Amino acid sequence: MKKAIITVVGKDTVGIIAKVCTYLANNRINILDISQTIVQGYFNMMMIADMDSSLKPFGEVVAELEQIGEEIGVLIKCQREDIFDKMHRI
């Protein structure tokens, strides 16, 4: 299974989760786990997603998620799980 870590950070507004999840669903990317919090008006979400059935190549998904983030005023990052793990290893 090819997994990706998707993070979303920014000022809380209506529809952030809907916009990101709709994009993932439309591209057959399955959300395996999701966590989100709002602290003093700032939104933070982390997802683990299964990319195996994605309709688009990974690089295209990354670029399109970043574009969605710009449109709604948040920062969206998508990384392969193995790269994420190596970057955050102690």
Side-chain angles (χ1 to χ4, degrees):
M1 181 183 312
K2 294 183 288 185
K3 292 182 187 175
I5 309 299
I6 301 168
T7 57
V8 182
V9 178
K11 276 275 220 195
D12 187 34
T13 59
V14 174
I16 296 171
I17 296 172
K19 191 82 165 177
V20 174
C21 290
T22 298
Y23 173 83
L24 296 175
N26 288 342
N27 287 284
R28 296 181 41 196
I29 299 169
N30 187 38
I31 299 167
L32 302 173
D33 202 355
I34 184 172
S35 172
Q36 69 96 42
T37 57
I38 299 168
V39 178
Q40 294 185 2
Y42 289 94
F43 179 86
N44 184 34
M45 178 169 64
M46 181 175 165
M47 299 175 161
I48 300 173
D50 177 3
M51 302 287 293
D52 275 343
S53 298
S54 176
L55 298 175
K56 297 179 180 175
F58 184 78
E60 192 172 335
V61 170
V62 169
E64 290 179 353
L65 283 171
E66 287 177 355
Q67 178 62 40
I68 289 169
E70 288 178 22
E71 291 169 8
I72 61 176
V74 297
L75 179 64
I76 302 178
K77 293 292 179 190
C78 181
Q79 297 176 287
R80 296 182 196 278
E81 180 188 41
D82 55 341
I83 302 297
F84 184 87
D85 286 343
K86 288 176 183 166
M87 287 177 49
H88 293 90
R89 190 178 305 165
I90 296 177

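If you're wondering where the values come from, they're calculated on a predicted model, not measured in any experiment.
- Cluster annotation: V8 and F58 are assigned to the same hydrophobic cluster (Ile/Leu/Val/Met/Phe/Trp/Tyr, side-chain heavy-atom contacts under 4.5 Å, transitive).
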Taking only distance into account, with no hydrogens and no angle test, what donor-acceptor pairs under 3.5 Å do side-chain atoms of residues 38-57 form with protein atoms, sequence neighbours excluded?
from	atom 1	to	atom 2	distance (Å)
D50	OD1	D52	N	2.9
D52	OD1	K2	N	3.0
S54	OG	K56	N	3.2
S54	OG	K56	O	2.8
K56	NZ	E64	OE1	2.7
K56	NZ	E64	OE2	3.2

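- Between E66 and K77, some side-chain heavy-atom pair lies under the 4.5 Å cut-off.
- One distance of note links CD of Q79 with CD1 of I6; it measures 10.5 Å at 0.5 Å rounding.
- Put simply, I34 and I68 are part of the same group of oily side chains (I, L, V, M, F, W, Y) that touch within less than 4.5 Å, one to the next.
- Of all heavy-atom pairs between I16 and K11, the closest is CD1-O, 3.8 Å.
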Exercise for review: Any chance you could lay out the side chain to side chain contact (heavy atoms under 4.5 Å, CB included) test for V61 and N27, step after step, and finish with the verdict?
Suggested key: CA-CA 9 Å; V61 170; N27 287 284; 5.5 Å; no
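- The heavy-atom pair separating I31 from C21 by the smallest distance is CD1-SG, 3.6 Å.
- Considering every non-hydrogen atom in both G10 and V74, the closest pair reads CA-CG1, 4.0 Å.
- With sequence neighbours excluded, no residue forms a salt bridge (Lys or Arg N to Asp or Glu O under 4.0 Å) with E70.
- In this structure, SG in C78 is found 7.0 Å from CD1 in I29, a value given to the nearest 0.5 Å.
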